[in-house]
Amino acid sequence: MIESDSDRIRAGTGNEPAKLARPGGWMGNNVRVRFAPSPTGYLHIGGVRTALFNWLYARHHNGVFILRIEDTDRERSTEEAIHAIIDGMSWLGLNWDEGPFRQVDRLARYNEESERLLSEGKAYKCYCTPKELEERRKVALERKEVPKYDRRCLTLTPSERQACEARGLRPVTRFHCSDEGVTVINDIVKGEVIFENKNLDDFVMLRADGIPTYNFAVVVDDHDMRISHVIRGDDHLSNTPRQVLLYQALGYSTPEFAHLPMILGPDRTRLSKRHGATAIEAYRDEGYLPRALINYLALLGWGYEDQTLFTKDELIQKFSLEGVGKSPAVFDPAKLEWMNGVYIREFSVEELAELIKHFLRNAGLPLEMYEEAWYRKLAEITQERLTKLSDIVGLSDFFFHRVQYETGAVQKVLKKEGVPEVLEKAVEILSDNALEFYSYEIEKRLRGLVEEMGLKAKLVFQPIRVAITGRTVSPPLFETIELLGRDATLERLGEAIHLLELADG
RNA sequence: GGCGCGUUCGUCUAGUGGCCUAGGACACCGCCCUCUCAAGGCGGAGAUCACGGGUUCGAGUCCCGUACGCGCUACCA
């Protein structure tokens, strides 16, 4: 999907507006949507959900999905974050048709539109310093007044302006909002929302260094990129009237808006770093599957009848903005885990074996100890026990190194009456060369032992399990023995017997 | 403070005026299966649809108010 990150990122470079492909005219539709993250941190769950809804909407309508990096915050934007976004989207299979565009590459274009507004008297230069602004805001707040910019620079005379310039003050450009009337947003998910213009103030559209602020850049970009539907988090709803006013001032037609409800943490505040792993990479590293993440995230804010499991194609086919709910959703890791397990169980053993090896390798285990076929068997016996792929490590690391007894396992299982005898008999059985070392044969013989000793099966199998795995919980015993191999099994049994003798003496 | 949005089982949701004595999924509990853990099967508990008023023959569904939560109110996005 990505030919070369750097090439892609440069796609919008130049002093001219980025070249934008024509809409997919052959289908006769013009749905063009975008995901526009700011690269100020990693790609998080909330962002992915927004990206996903945009992507689904585009794919459902055979439209165009655009990736745009909103990097106008020069302080906090990083190249690293841009790569994290690109990698994350690629990994999830949320492929984009145009971009990634970067706003820093389009500075000349914002400036051009800003000049136009300036010359039409719809915007003005403001020389107030951040410090002064901050001070006035504080005072207003103390007096319980609404902290609004007082427009003192709106009426600056040319000579006053010159005086400011002479003092070395670098102006920002403010958009002049009308106090009259109302701005109505017809939001696809929220419905009609009415804002009184008098509650808006003259916000900064171009900073002193010529870099646009969000509200301005987003409008120019969405227009230039001919975005038909702006689908984004509803934290942007309150900003929408400012943008609509800009659309009108610039003579642009407005797109459709669809504001998605937020994703919340368990404390019901917007999901963030504070809530633990929210970076998409963290989920990838823990062994969550893209299809599980996508399925789960699709259900956060959207639903389709009673269905909970969806393939990507079904999602594309069934998704609609009308099906998006209005209220925020709490992110539930437990349900994601369950769903991930469901998808893990759908893999063939060949597929799962490959995935599993990757995680074992990352854990530093010596993969070369075993052959291909061995890993397929491992996959087979662990498949229904995995909820995340990384679980494979804790479930099977004992195959790769000496037994480390789990705390309590020895006391609870091994140091019980009759255990040495059980283990010794097991050694006897398993060292019999007439025994073909396959789980089925092993099971037959060991069950014979159970019968012979007249014990409950558990009392025979649990000691053996602890002896060879060090744990009270493991994959099925007979398969585990087969996979461990005769030598290692006998060795471990022997060690356990020895351990018990020492304890006795 | 102002403005905006939201409110159905613990969680995600179905529900668009009568089919709702409110359905499904996760989580939880019990039973079955069973060498452990899972997976699977069966069953259970869990929501006076935030609260209060209306409209209507009839409201979770429409209207108004209140409460609570969240968001915006930056030379962040």
Side-chain angles (χ1 to χ4, degrees), chain A residues 36-40 70-73 75-77 126 128-130 133-134 137 140-141 143-148 170-174 185 187 190-191 193-196 198-201 203-209 211-215 217-218 232-242 259 261-262 264 266 268-270 296 299-309 322 325-339 341-342 345 382-387 395 413 443 446-447 450 456-462 464-466 469 471-478 480:
Chain A
S38 71
T40 52
E70 308 229 320
D71 54 356
T72 52
D73 183 344
E75 302 276 286
R76 300 192 300 145
S77 294
C126 168
C128 300
T129 65
L133 259 15
E134 176 59 30
R137 201 151 56 92
L141 246 24
R143 288 207 222 129
K144 294 196 189 291
E145 285 168 11
V146 179
K148 258 177 82 167
R170 311 221 17 227
V172 298
T173 305
R174 284 186 185 272
I185 314 293
D187 193 273
K190 302 285 185 180
V193 186
I194 301 171
F195 296 87
E196 294 193 52
K198 67 168 198 270
N199 290 322
L200 271 21
D201 67 349
F203 60 91
V204 173
M205 46 182 265
L206 221 51
R207 289 177 253 244
D209 59 4
I211 304 214
T213 59
Y214 168 73
N215 282 309
V218 77
R232 79 234 295 193
D234 72 10
D235 47 339
H236 289 295
L237 183 58
S238 297
N239 274 320
T240 309
R242 290 173 230 282
H259 285 95
M262 299 270 86
L264 274 24
R268 300 209 141 260
T269 62
R270 191 222 229 108
Y296 178 72
L299 259 20
L300 250 32
W302 176 82
Y304 186 85
E305 297 177 354
D306 276 354
Q307 198 172 344
T308 51
L309 263 12
E322 285 67 34
K326 296 168 189 282
S327 52
V330 174
F331 182 80
D332 178 14
K335 189 163 183 174
L336 206 213
E337 283 206 8
W338 163 77
M339 202 174 270
V342 168
R345 273 170 249 135
T382 53
Q383 185 159 31
E384 65 198 22
R385 274 160 260 266
L386 299 175
T387 133
L395 219 52
V413 179
E443 174 165 10
L446 253 19
R447 284 199 187 280
V450 169
K456 285 178 74 173
K458 193 172 175 170
L459 293 177
V460 172
F461 299 149
Q462 273 304 79
I464 298 177
R465 183 191 314 284
V466 172
T469 70
R471 303 178 191 157
T472 55
V473 171
S474 83
L477 223 214
F478 316 113
T480 298

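Treat the numbers as computed from the prediction; the structure is a model and nothing was measured. Naming: A, B, ... by sequence-line order, numbering from 1 per chain.
Here the P atom of nucleotide B:G2 and the CZ atom of A:Phe195 are 17 Å apart, to the nearest Å. What separates CG of A:Asp71 from P of B:A77 is a distance of 10 Å, to the nearest Å. Look at CH2 on A:Trp338: it is 11 Å from P on B:A39, rounded to the nearest Å. Computed from coordinates, the A:Lys190 NZ to B:C70 P distance equals 15 Å when rounded to whole Å. In this structure, A:Asn239 places its CG atom 5 Å from P of B:U73, rounding to the nearest Å. Distance A:Arg465 CZ to B:U34 C1': 11 Å, rounded to the nearest Å. For A:Glu384 and B:A39, the CD to P distance is 8 Å, given to the nearest whole Å. Computed from coordinates, the A:Leu264 CG to B:U7 P distance equals 13 Å when rounded to whole Å.
Listed nucleotides B:C72, B:C12, B:G23 differ in distance to A:Arg242; the shortest reach to its side chain belongs to B:C72. Among the nucleotides B:C35, B:A27, B:C75, the one closest to any side-chain atom of A:Ala334 is B:A27. Here the side chain of A:Asp306 is nearest to one of B:C5, B:A77, B:G23, namely B:G23. The listed nucleotides are B:G40, B:C12, B:U36; the one nearest the side chain of A:Gln462 is B:U36. You'll find that the side chain of A:Asp332 is closest to B:C26, out of B:G1, B:A77, B:C26. Among the nucleotides B:U7, B:A77, B:G10, the one closest to any side-chain atom of A:Ser327 is B:U7. Closest approach to the A:Lys458 side chain among B:U36, B:U11, B:A74 is made by B:U36 (side chain taken as heavy atoms from C-beta onward). Side chain of A:Asp201, nearest nucleotide from B:C26, B:C12, B:A74: B:A74. In this structure, of B:G24, B:A39, B:C35, it is B:C35 that holds the atom nearest to the side chain of A:Ala457. Closest to the A:Asp73 side chain, of the nucleotides B:G6, B:C35, B:A77, is B:A77.
Note that CG of A:Asp332 and CG of A:Leu300 are 9.0 Å apart. Values are rounded to the nearest 0.5 Å. Note that OG of A:Ser238 and CG of A:Leu200 are 9.5 Å apart. Values are rounded to the nearest 0.5 Å. Atoms NZ and NZ, on A:Lys148 and A:Lys198 in that order, are 9.0 Å from each other to the nearest 0.5 Å.
Residue A:Arg447 places at least one side-chain N or O closer than 4.0 Å to OP1 or OP2 of B:C35.
Within 4.0 Å of A:Ile464, counting heavy atoms only, lies no atom of the nucleic acid at all. Contacts of A:Pro241 with the nucleic acid, taken as non-hydrogen atoms under 4.0 Å apart, are absent. Within the nucleic acid shown, A:Val172 comes within 4.0 Å of at least one base atom, counting heavy atoms only. Using a 4.0 Å heavy-atom criterion, one finds that A:Ser38 contacts the sugar-phosphate atoms exclusively. At a threshold of 4.0 angstrom between heavy atoms, the contacts of A:Thr213 are confined to the sugar-phosphate backbone, with no base atom among them. A:His236 comes within contact range of at least one nucleobase, with a heavy-atom separation under 4.0 Å. Looking at heavy-atom distances under 4.0 Å, A:Leu477 makes contact with a base. Counting any heavy atom pair closer than 4.0 Å across all strands shown, A:Thr40 reaches no nucleic acid atom. Across all strands shown, A:Pro130 has heavy atoms under 4.0 Å from base atoms, whether or not it also approaches the sugar-phosphate. If you check every strand for non-hydrogen atoms under 4.0 Å, A:Gly341 touches nothing. Base engagement by A:Pro147 is indicated by at least one non-hydrogen atom pair under 4.0 Å involving a base atom.
One cannot find a donor-acceptor pair under 3.5 Å joining the base of B:G24 and the side-chain atoms of A:Thr308. Scanning atom types as modelled, no donor and acceptor separated by under 3.5 angstrom connect the side chain of A:Arg268 and the base of B:C70. A donor-acceptor contact under 3.5 Å is not formed by the side chain of A:Lys335 with the base of B:A27. Taking 3.5 Å as the limit, the base of B:C70 and the side chain of A:Arg270 contain no donor-acceptor pair of atoms between them.
Pair check for B:G4 finds B:C70; Watson-Crick or G-U wobble, both atom distances under 3.5 Å. B:G65 is paired with B:C51 under the Watson-Crick or G-U wobble criterion, all donor-acceptor distances under 3.5 Å. The pairing partner recorded for B:U11 is B:A25, the criterion being a Watson-Crick or G-U wobble arrangement whose two distances lie under 3.5 angstrom.
For the P atoms, the distance linking B:C9 with B:U48 amounts to 8 Å, nearest Å. Annotation: B:C42 and B:U61 have their C1' atoms spaced 35 Å apart (nearest Å). For the C1' atom pair drawn from B:C49 and B:A14, the interatomic distance equals 13 Å after rounding to whole Å. Comparing the same atom, C1', in B:A47 and in B:C12 gives a spacing of 14 Å after rounding to whole Å. For the C1' atom pair drawn from B:A50 and B:G43, the interatomic distance equals 32 Å after rounding to whole Å. B:C5 and B:C57 are spaced 35 Å apart, taking the C1' atom of each and rounding to whole Å. Taking atom P on both nucleotides, B:A38 is separated from B:G24 by 25 Å, rounded to a whole Å. The P atoms of B:A45 and B:G23 are separated by 11 Å, rounded to the nearest whole Å.
With contacts defined as side-chain heavy-atom distances shorter than 4.5 Å, the pair A:Arg447/A:Phe478 qualifies.
Of the two residues contacting RNA chain B, namely A:Gly325 and A:Lys148, the nearest-nucleotide position lying further toward the 5' end is that of A:Gly325. Between A:Thr269 and A:Cys126, the one whose closest nucleotide on RNA chain B sits nearer the 5' end is A:Thr269.
Between the side chain of A:Asp73 and the main chain of A:Arg76, a donor-acceptor pair closer than 3.5 Å is present. Judged by distance alone, the side chain of A:Tyr214 and the main-chain N or O of A:Met205 form no donor-acceptor pair under 3.5 Å.
Side-chain atoms of A:Glu70 and A:Ser38 form no donor-acceptor pair, as typed in the model, at a separation below 3.5 Å.
The only option from A:Leu133, A:Val204, A:Thr213, A:Leu206 that meets the side chain to side chain contact (heavy atoms under 4.5 Å, CB included) definition with A:Val172 turns out to be A:Val204. Between A:His259 and the choices A:Lys190, A:Arg232, A:His236, the side chain to side chain donor-acceptor pair (under 3.5 Å) rule is met once, by A:Arg232.
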